[in-house]
Every structure is written in structure tokens, then in C-alpha cells.
Amino acid sequence: MDEQALLGLNPNADADFRQRALAYFEQLKISQDAWQVCAEALAQSIYSDDHIKFFCFQVLEHQVKFKYSELTEVQQQLIRETLITWLQAQMLNPQPEKTFIRNKAAQVFALLFVTEYLTKWPKFFFDILSVVDLNPRGVDMYLRILMAVDAELVDRDVVHTSEASYYFALTLEARRNTLLKDTMREQCIPSLVESWYQILQNYQYNNSELTCQCLEVVGAYVSWIDLSLIANERFINMLLGHMSVEVLREEACDCLFEIVNKGMDPIDKTKLVESLCQVLQSAGLFSIDQEDDVDFLARFSKLVNGMGQALIASWTKLIKNGDMKSAQDTLQAIEAKVALMLQLLIHEDDDISSNIIGFCYDYLHILKQLSALSDQQKANVEAIMLAVMKKLTYDEEYNFENEGEDEAMFVEYRKQLKLLLDRLAQVSPELLLASVRRVFNTTLQNWQTTRFMEVEVAIRLLYMLAEALPVSHGAHFSGDVTKATALQDMMRTLVTSGVSAYQHTSVTLEFFETVVRYEKFFAVEPQHIPTVLMAFLDHRGLRHTSPKVRSRTAYLFSRFVKSLNKQMNPFIEDVLNRIQDLMELSPPENGYQALLSSDDQLFIYETAGVLIVNSEYSAERKQVLMRNLLTPLMEKFKVLLEKLMMAQDEDRQMALADCLNHAVGFASRTSKAFSNKQTVKQCGCSEVYLDCLQTFLPALSCPLQKEVLRSGVRTFLHRMIICLEEEVLPFIPSASEHMLKDCEAKDLQEFIPLINQITAKFKTQVSPFLQQMFMPLLHAIFEVLLLPAEENDQSAALEKQMLRRSYFAFLQTVTGSGMSEVIANQGAENVERVLFTVIQGAVDYPDPIAQKTCFIILSKLVELWGGKDGPVGFADFVYKHIVPACFLAPLKQTFDLADAQTVLALSECAVTLKTIHLKRGPECIQYLQQEYLPSLQVAPEIIQEFCQALQQPDAKVFKNYLKV
């Protein structure tokens with residue numbers, strides 16, 4: 001072995017050595033006989049360095065996994081002997097191997113097992129057992145090998161195959177695994193189970209590590225072996241004994257869980273669970289309050305959850321089978337576990353509580369199906385409800401300012417509790433409403449002296465009722481009088497109690513979330529709108545000390561105003577005045593820290609736009625207000641653009657460009673308020689937005705920070721095409737000219753959708769403009785596509801592919817908008833060049849999305865120009881180029897019909913051929929029969945069949961024929 005390269009295996013080695021070791025590993029993997037050197041090194045314990053031993057196992061692993069079939073019988077025998085020799089040495093070594101080496105060795109054993117067990121090594125496990133006997137180090141390896149074998153046969157988390165042939169390989173692998181398990185069940189499982197019993201009996205009192213390992217093996221295998229081998233008196237008694245031993249009980253718990261989880265007859269399952277429960281109860285394990293080991297209780301909770309869900313699954317099957325007597329017995333068994341379930345659900349440790357939620361949820365599902373609930377069941381529902389309310393509460397340790405992993409886990413846990421609450425609402429909506437109302441009213445009466453977490457959860461519960469008691473379109477305040485009254489009372493209390501002033505971010509946020517969730521309340525009691533608006537606008541909301549609260553409130557404020565636009569009229573100007581300072585564009589040089597980020601400001605601008613547009617003011621007044629809103633942006637924009645032109649420092653340039661971009665974005669966002677009912681014209685605001693356009697367009701000629709500036713202005717143009725319609729057209733030519741100057745692939749790719757939007761919207765109105773800029777645009781595109789790129793530059797290749805797609809999408813828009821004259825008027829040479837690029841796109845590039853677009857363009861051109869009165873020479877082009885393209889594209893190796901986009905491309909290819917036949921008639925069939933298809937050496941009967949399919953009136957017939 002290359003000793004120098006081996007030095008690089010040490011994690012502390014420098015980068016060059018590590019690189020050399022990596023290269024050496026690749027070299028050994030390819031080599032025919034390098035594995036033998038590694039096998040010898042392992043069998044004879046040549047190396048003492050752990051990393052080298054691990055390396056040798058890696059080389060062997062690669063050999064067994066990928067090249068085993070290439071080995072001779074003798075070589076395969078050598079690998080088996082190497083592993084057995086290494087295993088024998090484990091029991092004599094003064095020190096055990098490191099865990100990572102033992103695990104890697106176990107993986108190699110397992111790979112050899114799946115390769116050889118059915119053919120050459122049926123005594124695999126017996127050979128290992130005869131070597132290890134009951135030697136602790138040997139037993140450790142034996143148990144690791146068993147776990148590795150289970151992972152190969154069962155564990156679906158292990159992805160064994162590459163994606164290409166994934167499903168096929170998966171099916172083969174599943175069949176192989178089934179065969180291996182069936183053979184194991186017949187030949188060796190009883191002996192393996194006996195060995196596990198012996199290991200447990202031998203080591204349960206003097207080697208907890210091995211005992212736990214063995215329990216893990218039993219738990220893993222129990223899912224696919226005969227349950228009676230494990231679920232019998234001697235095994236279960238031993239496992240129950242382990243439940244009383246502190247170092248074993250967590251693993252014993254998991255093992256019992258796997259036993260309970262095993263699929264079996266419902267009556268037998270009930271008996272098994274009940275017998276387990278009796279023993280566990282008599283051992284005192286149901287007394288949760290006397291247990292302080294939370295790690296064990298989390299496992300125990302999972303076990304109780306498994307037992308509860310197993311009983312519920314049995315009950316469901318028995319009901320389905322019509323066995324009412326057994327179903328009743330099972331239901332009693334379930335009811336008997338509810339008290340224990342509640343103890344675990346209410347436990348202060350969230351992991352313990354979380355583990356039992358599944359049982360709790362399924363139990364409520366049973367109650368939902370019963371025609372009437374007993375008093376005890378009603379009491380259970382109430383107890384679950386109280387537990388959920390208590391557990392929803394934040395604890396003192398929750399860090400609101402810097403949420404980490406623990407906080408994220410609590411948020412997830414809360415989501416689980418929400419599902420329980422929703423299920424409770426299905427079982428007893430009246431009880432849920434009454435309980436929430438009681439907690440809410442009690443808490444809000446004394447909110448000033450109540451801890452934040454209790455105030456937060458009271459409001460949270462009201463918020464959650466909106467989804468738990470569903471109605472259509474949020475109409476919570478009509479329909480069922482009891483419910484509507486209760487919710488209305490709580491909302492009134494919420495907005496009049498003054499709780500919005502509570503000094504904790506969680507309460508503040510919950511207040512605003514709930515107000516917005518129940519916006520329909522303000523349609524019923526509009527007198528409360530001013531109170532809530534003030535809360536949004538002052539230190540409780542948009543001016544809160546916490547950036548998190550300010551940010552969320554900006555979004556919620558926008559939603560609140562949008563949903564209540566009819567009720568907002570009396571407050572519009574007051575609100576606009578109060579939010580004016582929040583809309584200031586904060587340029588980089590003043591060092592002033594704005595209250596809102598630019599993203600938050602977008603919501604404020606949108607809100608301002610909504611207030612103005614939806615107001616009952618006259619068009620003149622709306623125009624004045626919109627001008628007041630947008631003029632400061634325009635003025636600031638001009639100043640900042642001048643400063644950018646003169647800025648030397650790149651960081652400053654970037655900061656100024658960002659600020660300019662924000663200004664354009666804000667103006668853009670105000671236009672979202674307009675609709676078909678309230679257009680820019682009707683509101684008298686066209687002039688203001690045209691002024692904005694004139695202000696922003698000069699940024700396109702700024703040579704600095706082009707990408708940022710162009711992107712912003714382009715987005716604004718997209719919006720203005722929708723809002724201003726024809727009025728925007730005079731600005732398009734000069735904007736386009738600037739955007740086509742020194743542009744890169746990405747610029748063009750983003751510019752083309754703008755032209756497509758204009759073309760599709762205005763059609764013939766923009767024909768002169770399109771004819772004028774058609775070739776300049778194409779030259780810019782071709783120039784970028786022809787730029788040389790590095791061979792391995794993936795991102796450049798992808799950019800070109802995307803630009804090519806955009807180019808074809810542009811041609812498709814032009815031809816599809818009935819404007820083929822734009823192409824036809826470009827002169828014969830240019831027309832020909834364009835047509836050839838489309839043929840090239842259809843055939844040469846392995847990009848089905850572009851190919852599909854190209855065939856759509858060709859079909860359209862044939863439809864428009866392919867008749868007797870088409871342009872001179874086009875019929876010739878159809879036969880010489882378009883028809884061959886329809887055959888050459890699908891014949892390419894890269895044309896993969898397993899890909900959905902390729903199937904669509906083929907479909908459009910069929911449409912193209914159909915269109916040619918439609919326009920040229922019998923002449924097309926004659927050309928295919930007598931000239932083109934014979935030139936491809938196609939058999940006469942297939943030519944006949946093809947032409948018949950092509951002539952079918954139903955296009956689907958030909959599409960399907962082509963696919964086959």
C-alpha cells in the first residue's frame with residue numbers, strides 16, 4: 001500500500017495529504033486486485049491505525065457492493081475467510097476496535113449476506129455464531145451484523161439505488177429482500193431468536209450495553225418474523241423484568257412497543273395488549289407522578305400510545321367485521337387507558353406529552369362516531385380540552401427575541417395540539433366554545449395582573465376557534481345565534497379591554513392576528529374600528545419597540561384595511577397622515593434607522609393605495625391623494641439617481657441603487673389597489689403614474705448597477721401595461737432601446753416577457769414598434785448565445801438554455817398574436833435565418849420545453865403561410881426543412897418519452913404534420929410516400945400505415961400512432 005497516501009486518512013492531515021488519500025481510494029476502487037491487499041491487511045492485523053483499518057473495510061465494501069460478480073470462486077472464498085478471521089481476532093485483541101470500525105465491518109458482513117446467503121453461504125449466521133459463542137466482544141459484533149442485515153432488508157430510509165433506474169431497481173430489490181426474509185424464516189430465525197434469549201439471559205445483570213443492543217435487535221426483527229417466537233411467556237416475562245431495571249428499561253420499552261405495533265388479528269391484539277397492561281400496572285409503572293426520569297417516561301409514553309392506537313385499530317376492524325361484542329370489550333379496554341393517557345398528555349415535559357397525542361386524537365375520533373356519549377366520556381373530553389389549553393401555554397424559558405431549536409420544537413408541538421383542538425370541536429363544539437369563553441373572560445377581566453403566557457393563550461384560543469368551528473367565508477357572526485353571540489362577546493371584550501397595551505410581544509402579536517382573523521366582526525360592530533386602527537398605528541403596532549412586531553403588524557394592517565375597505569372611508573385621510581413618516585424612503589447616507597424594513601414598507605404603500613382607490617372620494621380628490629403619496633418618491637428618486645451617477649465607491653453605488661429600486665417597487669405596489677371596477681383611468685390617476693414612468697425611465701440609461709435598476713423599472717413597466725393600457729405605449733420604444741444596450745443573457749431573458757406582454761395585450765397596435773425592434777432584439781439574443789463559454793460552466797449553459805427558451809417564447813407570442821407580418825417584413829434573408837433557428841430549436845437542442853415551443857411556431861407558420869397563396873418559397877421550405885424536423889427530432893437519442901415535457905413536444909410535432917397535410921393536401925402524402933420516407937429506408941407497409949394515420953380526421957388518432 002502507498003504509505004504516503006495513507007497518511008492523508010488522518011483527519012488532522014493537511015489538505016494535500018487528504019487529497020492524495022482520496023485519489024488513492026479512487027485508484028484502489030478501480031484496481032483489479034487492490035482489495036486483496038486490504039483483505040490481507042485486515043486478516044493479519046498489519047495496521048494499528050484506526051483510519052487505515054476503516055479505509056481497508058471501505059475498499060472491501062466497494063468490491064462486494066459493485067464488483068463481486070467479477071471475482072472467481074477462490075477470490076470470493078477469500079473475502080469470506082478474511083471476514084471470519086477478522087471476527088475471530090476481535091475476541092483475542094487486548095482492546096476492542098473503535099465503534100466506527102465495528103459498524104463498517106458489520107455493513108460489509110451484511111452486504112456479503114445479501115449477496116451470498118441464498119446461494120453460497122446458507123450457514124452465514126451459524127458460522128458467525130460458532131465463532132462468537134457468548135464472548136462479549138463477539139456478541140457485540142454479531143448484534144451489529146444483525147442490525148446491518150435488517151437495515152439492508154427492511155429499512156426504507158436507506159436509499160440503495162441511483163435515481164435513473166430507481167423504481168425498477170427498487171422492485172428487484174424488494175423481491176430479493178422478500179426472498180431473503182422468507183428463507184431466513186424457514187432456515188434460521190428460530191435459532192437466531194434462541195441466541196437472543198441466551199444473550200439476554202446471560203448479560204441482563206452484568207452487561208447492560210449488550211443487553212440493550214440485543215433488545216434493539218429484537219425490536220427491529222419483530223416486525224417481520226413470527227410474533228409467537230417473541231410474544232410468549234419466557235420472552236415477555238424477561239422484557240417486563242427489564243422494565244424495572246433502570247439501565248435497561250428504555251430499550252425494553254421500545255422493544256415492547258415494536259411487539260405491540262406488529263399487525264395481527266384484532267382479538268389476539270386486544271388480549272396481548274391487555275395482558276401487557278396488567279403486568280405493567282401491577283409493577284407500578286402506571287403511577288406517572290412518582291416517576292422523575294423524563295427520558296424513560298418519553299419512551300413509556302410512546303409505548304402507551306402504541307398500545308392505545310393498537311386497541312383502536314382492533315376496535316375499528318371489529319366494528320367493520322360486525323363483531324359488536326368484541327368491539328365493546330375492546331372499547332372498555334381503551335377507556336381504561338384514558339386516565340393514564342391524560343396523565344401523560346398533561347405532563348410538563350412536552351416530549352412525553354407529544355408522544356401520546358396520536359392515541360388521544362384517535363380516541364376522540366372514536367367518540368365522534370358514537371351516537372351518544374356517557375358521562376364518563378364527556379368528562380374525558382373535558383379533561384382533554386383542559387389539558388390542551390394548559391399545554392398550549394408558553395413556559396418562562398421561551399426566548400421570543402432569539403428563537404432557537406427548543407422554540408421551534410414547541411411551535412411544532414403547538415401544531416399537534418391544534419389538531420387535537422380541531423378534533424375536540426368535531427366531538428363537542430358546544431363544550432369547546434363554552435370552555436374557551438370561560439378561560440378567555442376570566443383571563444381578560446384581570447389581564448393587568450395576569451402572566452403574559454396566560455393572556456397570550458386566552459387570545460390564542462379565541463383565534464384557534466375560527467378554524468376549529470369552520471364556517472364559509474369567515475361568517476362567524478351570522479347563522480348559529482349561540483356561537484355568533486359568544487364570539488361577538490369575546491371579540492368585543494378583546495378590543496375594549498385594553499389588552500392590546502400588554503407589555504409582551506407574544507400578547508401584542510396574538511391580539512393583531514386575532515383582530516384580522518375575525519375582521520367580519522367590525523362589519524357588525526363598526527364602532528370599534530377607530531380603537532383598533534389606533535392600536536395598529538401607535539407604539540402597540542407599527543411603532544412598537546420590537547422589529548418583529550412592527551414587521552408582522554405591517555402585513556396584518558394591510559390585510560385589515562383591505563378586508564374592511566367599505567368601513568374605512570371616515571378614517572382615510574387621518575390614517576394617511578399618520579403613516580406618512582413610515583413611508584419615507586431612507587437613503588443610505590443619513591444613518592437614520594427606519595422603523596420598517598423596505599419589505600414592510602411595501603405593505604404600507606399597498607395599504608395607502610387601497611385606502612385611496614377604494615374610498616368614496618371623487619376622481620379629483622383621489623388624484624390629489626395619490627399624487628401626495630407618489631410625489632415624495634419621485635423627488636427622492638431624481639436626487640438619488642444623480643448621486644448614483646457621481647458615486648465612486650462600489651458599496652455606496654449598491655446602497656443607492658437598492659434605494660432607487662425600493663422607490664420604484666413602492667410606486668409599483670400602490671398600483672395593486674386598482675381593479676377592473678376601479679381602474680387607474682376611472683380614479684383619475686393616469687397622469688400621476690405617467691409622471692412616475694417619466695421619472696423612473698432615465699434610470700435605464702445609468703451605466704452603474706444596471707442589473708438592479710433595470711429589474712426594478714422592468715417590473716414597474718409590467719404593472720403599468722396592466723394599469724395604464726394604451727397610455728404606456730409611447731414610453732415602450734425608448735425603454736426597450738435602453739434595455740437592449742450592453743445586456744447579458746439574464747437581462748434579455750427578463751426583458752422578453754415584457755415584450756411578450758405588450759405583444760399579447762396590444763397586438764396590431766404595436767406592430768410598427770415590433771417590426772422596428774424585431775431584428776435589434778434578435779441580434780442582441782444571437783450575440784449572447786454565440787459568446788464562447790467554459791466547457792464545464794453549468795450556470796452559463798443554463799443561462800443560454802433559458803435565453804433560448806425565452807427567444808422561442810417571443811416568436812410564439814408574435815405568431816400566436818396574429819402578427820406574422822412582423823417576421824415577414826424583415827427581408828428574405830432575415831426571415832430565413834429566423835426560420836432556421838426554429839428548425840434548429842426543434843431538432844438540435846435536447847430541451848423538450850424549447851422543442852415543444854418550436855413545433856407550435858412551425859404549426860402556426862404553416863397554418864398562416866403554408867397555403868397556395870403563401871410567401872414565395874415557403875412551400876419548398878416546408879418540404880425541405882419542416883417535414884424532416886418532424887422526423888429527426890423524435891429519432892434523436894436524447895428524445896426521451898419517459899419525460900412528460902418530451903411527450904408534449906411529440907404531440908406538437910404531430911400537430912405540425914397534421915397542419916402540413918391540412919394545408920397541402922394530397923401533395924403532402926405523395927411527397928411522404930414517394931420521396932421523403934423511402935429516402936429514410938422506411939418499409940413500404942409502414943409508410944402506408946403512417947400516411948393512413950396522418951389522413952385520419954381525428955387528430956388524436958395520429959398523435960397516439962406517433963407515440964407508439
Side-chain angles (χ1 to χ4, degrees), residues 28-29 31-44 53-54 56-90 101-133 138-155 158-161 169-193 195-196 217 220-221 224-225:
L28 291 190
K29 283 200 302 196
S31 160
Q32 290 299 310
D33 50 4
W35 65 271
Q36 294 183 352
V37 180
C38 294
E40 188 186 341
L42 289 168
Q44 297 178 16
K53 292 183 212 170
F54 186 80
C56 291
F57 272 120
Q58 277 184 305
V59 175
L60 271 191
E61 178 185 33
H62 186 266
Q63 190 67 37
V64 175
K65 207 170 188 174
F66 300 109
K67 298 165 78 176
Y68 199 68
S69 55
E70 297 168 18
L71 301 180
T72 64
E73 289 274 343
V74 176
Q75 288 174 321
Q76 291 177 351
Q77 182 60 30
L78 175 63
I79 289 187
R80 288 195 286 277
E81 285 169 4
T82 299
L83 289 178
I84 292 293
T85 308
W86 179 85
L87 187 60
Q88 285 165 332
Q90 296 318 295
I101 295 174
R102 284 181 274 162
N103 286 339
K104 181 53 75 181
Q107 280 174 353
V108 178
F109 268 104
L111 284 171
L112 205 54
F113 165 81
V114 295
T115 312
E116 298 224 307
Y117 181 64
L118 295 172
T119 50
K120 307 208 178 78
W121 202 355
K123 294 206 171 329
F124 177 87
F125 286 111
F126 297 108
D127 287 354
I128 289 172
L129 278 169
S130 66
V131 170
V132 304
D133 194 25
V139 167
D140 171 85
M141 266 321 296
Y142 165 60
L143 294 171
R144 284 177 199 276
I145 292 166
L146 283 167
M147 285 308 287
V149 165
D150 177 74
E152 280 295 323
L153 298 186
V154 178
D155 194 345
V158 180
V159 177
H160 302 271
T161 26
L170 212 55
T171 315
L172 283 181
E173 197 175 294
R175 283 187 197 151
R176 178 205 72 184
N177 291 351
T178 304
L179 190 57
L180 281 164
K181 286 188 280 190
D182 288 345
T183 312
M184 282 177 73
R185 287 185 197 105
E186 278 171 37
Q187 294 179 359
C188 67
I189 288 293
S191 306
L192 296 187
V193 173
S195 73
W196 303 338
V217 168
Y221 278 73
W224 57 272
I225 65 174

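We use all heavy atoms of the structure for the numbers below, so side chains are in, but hydrogens, waters and symmetry mates are not.
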Report the C-alpha separation of Asp140 and Gln90 in whole Å, then their side-chain angles, then the decisive distance to 0.1 Å, and conclude whether the side-chain contact (heavy atoms from CB on, under 4.5 Å) test is met. CA-CA 10 Å; Asp140 171 85; Gln90 296 318 295; over 6 Å; no
If we only count heavy atoms from C-beta on, is the [X] to [Y] side-chain gap below 4.5 Å?
X	Y	value
Leu146	Phe113	no
Tyr142	Leu192	yes
Gln107	Phe57	no
Tyr221	Val154	no
Leu71	Ile79	yes
Arg176	Leu180	yes
Trp224	Asp150	yes

Measure the spacing between [atom1] of [X] and [atom2] of [Y] and express it to the nearest 0.5 Å.
X	Y	atom1	atom2	value
Leu112	Gln76	CG	CD	8.5 Å
Leu87	Thr82	CG	OG1	12.5 Å
Leu118	Lys120	CG	NZ	11.5 Å
Glu81	Gln88	CD	CD	10.5 Å
Glu173	Thr178	CD	OG1	10.5 Å

Begin from the C-alpha positions of Gln75 and Gln36 and carry the test side-chain contact (heavy atoms from CB on, under 4.5 Å) through to its verdict. CA-CA 8 Å; Gln75 288 174 321; Gln36 294 183 352; 3.1 Å; yes
Using side-chain contact (heavy atoms from CB on, under 4.5 Å), reason through Asn103 and Phe54 one step at a time and then give a plain yes or no. CA-CA 10 Å; Asn103 286 339; Phe54 186 80; over 6 Å; no
Over all atoms of both residues, closest heavy-atom pair of [X] and [Y]:
X	Y	value
Val217	Leu143	CG2-O, 3.7 Å
Val149	Ala110	N-CB, 3.7 Å
Arg185	Pro190	O-CD, 3.9 Å
Glu152	Asn177	O-ND2, 3.5 Å

Could you label the plane-to-plane angle of the Trp86 and Phe109 rings as parallel, tilted or perpendicular, counting under 30° as parallel and over 60° as perpendicular?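 Because their plane-to-plane angle lies in the 30° to 60° range, the rings of Trp86 and Phe109 count as tilted.
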Partners of Trp35 by ring-ring contact (aromatic ring centres under 6.0 Å, His included), sequence neighbours excluded?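 In terms of ring-ring contact (aromatic ring centres under 6.0 Å, His included), with neighbours along the sequence ignored, Trp35 is linked to no residue.
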Sequence neighbours left out, cut at 3.5 Å: what donor-acceptor pairs do the side chains of residues 123-132 make with other protein atoms?
residue	atom	partner	partner atom	Å
Asp127	OD2	Trp121	NE1	2.7
Ser130	OG	Phe126	O	3.3
Ser130	OG	Asp127	O	2.7

Given the rule in the side-chain contact (heavy atoms from CB on, under 4.5 Å) test, do Met141 and Ile145 qualify, once you have shown the distances and angles that lead to the verdict? CA-CA 6 Å; Met141 266 321 296; Ile145 292 166; 4.2 Å; yes
